[in-house]
> 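After the structure tokens below, expect a handful of questions from me.
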Amino acid sequence: GVTEDMEDENGIEKMSKKVRNVASEIYPQYRQALLTSNSLDFDDLILLTRELLIVNNEVRENLHRRWNHILVDEFQDTSRVQLDLVKLLTTNSLLVVGDGDQSIYSWRGAHAESMANFVTEFQGHCADSLASDAAHSDEGENSTNEAAEVNTVFLMENYRSTTNIVKAAQMVISDPSSGKSKSD
């Protein structure tokens, strides 16, 4: 029926059959309009940049030399493709800022779990990237055998909300099964 849910290829998002049918009619026209106007949308920019960095070592290494430090704000709203892009860009230093309890872009493929999985995803990543870059470089100055260390810093001071609002929010977002809140 019209309310029947269908999973996408990732098995994550669900969309009604009616919405999927409308999207399948409109999306090809949208793609054609982008091509005709020689334009890219937000997703294209991310996907094509990721693809370029995967297939073109020279471009990736140039960006590694250009940017020693990468900062990602609102990290809780990153998708898997954006996470891949961050990994492709990062060599020496990565700083992410975010709050998994404030993820609002799941409809665009964001995974709030990216905050909780950060250590697993990135432990040793920068050291691996450095060793890979040094292997392709004559200088070898960035070579290191040390594993990159991941540190977590909890910023508990809120300068935009009153103490009562922060306490109320912490009560709402705390995990009752663990008995712990973000302030523990």
Side-chain angles (χ1 to χ4, degrees), residues 8 10 12-13 40-54 56 59-134 141-184:
D8 70 0
N10 296 321
I12 298 169
E13 300 296 324
L40 299 172
D41 65 12
F42 180 74
D43 291 327
D44 293 334
L45 293 171
I46 293 168
L47 285 167
L48 293 173
T49 302
R50 176 180 151 249
E51 186 67 25
L52 175 66
L53 296 177
I54 288 171
N56 193 319
V59 170
R60 187 175 63 249
E61 290 169 7
N62 282 337
L63 292 177
H64 287 173
R65 282 190 294 276
R66 182 176 186 181
W67 298 321
N68 292 319
H69 309 284
I70 302 294
L71 166 73
V72 181
D73 195 10
E74 303 296 346
F75 188 76
Q76 76 277 0
D77 289 326
T78 55
S79 67
R80 185 72 233 178
V81 174
Q82 290 168 322
L83 187 61
D84 291 346
L85 184 58
V86 169
K87 283 183 167 184
L88 287 163
L89 290 170
T90 303
T91 57
N92 296 334
S93 171
L94 171 64
L95 172 68
V96 302
V97 179
D99 182 344
D101 292 319
Q102 294 185 25
S103 182
I104 59 172
Y105 287 104
S106 61
W107 60 273
R108 285 197 57 87
H111 298 281
E113 305 84 37
S114 60
M115 291 300 298
N117 298 336
F118 181 78
V119 171
T120 305
E121 281 285 340
F122 284 92
Q123 188 70 44
H125 172 74
C126 289
D128 294 341
S129 295
L130 287 171
S132 172
D133 281 352
E141 63 190 44
N142 289 333
S143 181
T144 181
N145 291 327
E146 297 177 25
E149 183 179 336
V150 174
N151 294 308
T152 302
V153 177
F154 293 95
L155 305 176
M156 301 309 294
E157 189 71 31
N158 184 318
Y159 295 99
R160 293 186 286 181
S161 302
T162 65
T163 302
N164 286 341
I165 291 173
V166 172
K167 284 182 181 179
Q170 286 176 337
M171 289 177 63
V172 170
I173 63 176
S174 64
D175 181 0
S177 64
S178 73
K180 286 188 154 193
S181 72
K182 282 188 170 187
S183 59
D184 291 340

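Note that these values count all heavy atoms, side chains included, but never hydrogens, waters or copies made by symmetry.
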> With sequence neighbours excluded, what pairs up with S79 under the side chain to side chain donor-acceptor pair (under 3.5 Å) test?
Q82

> With I70 as reference, evaluate N92, L95, L89, L85 under the side chain to side chain contact (heavy atoms under 4.5 Å, CB included) test and give the passing residue.
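That would be L89; it is the only one of N92, L95, L89, L85 passing the side chain to side chain contact (heavy atoms under 4.5 Å, CB included) with I70.
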
> Supply the atom-to-atom distance L53 CG to E61 CD, rounded to the nearest 0.5 angstrom.
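So the CG of L53 and the CD of E61 are separated by 11.0 Å.
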
> So which heavy atom on R60 is nearest to which on I54, and how close?
NH1-O, 3.7 Å

> Can F122 and K87 be said to form a side-chain contact (heavy atoms from CB on, under 4.5 Å), step by step?
CA-CA 8 Å; F122 284 92; K87 283 183 167 184; 3.5 Å; yes

> Can you name the residues that form a side chain to side chain contact (heavy atoms under 4.5 Å, CB included) with D43, not counting sequence neighbours?
D41, R108

> Without placing hydrogens or testing angles, list every side-chain donor-acceptor pair under 3.5 Å for residues 112-119, not counting sequence neighbours.
residue, atom, partner, partner atom, Å
S114, OG, F75, O, 3.2
S114, OG, H111, O, 2.8
N117, ND2, E113, O, 3.4

> Examine distances only and state if a side-chain atom of D73 and a backbone atom of V96 form a donor-acceptor pair shorter than 3.5 Å.
no

> Hey, what do you get for OG1 (T91) to CZ (R65), rounding to the nearest 0.5 Å?
10.5 Å

> For residues L63 and L88, determine if any side-chain heavy atom of one lies less than 4.5 Å from a side-chain heavy atom of the other.
no

> Looking at residues at least two apart in the chain, or sitting in another chain, which of them share a side chain to side chain donor-acceptor pair (under 3.5 Å) with D84?
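Listed in chain order: R50, R80.
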
> L48: what forms a side chain to side chain contact (heavy atoms under 4.5 Å, CB included) with it, not counting sequence neighbours?
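L40, D44.
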
> Just by distance, do the side chain of Q76 and the backbone of D99 share a donor-acceptor pair under 3.5 Å?
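Yes.
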
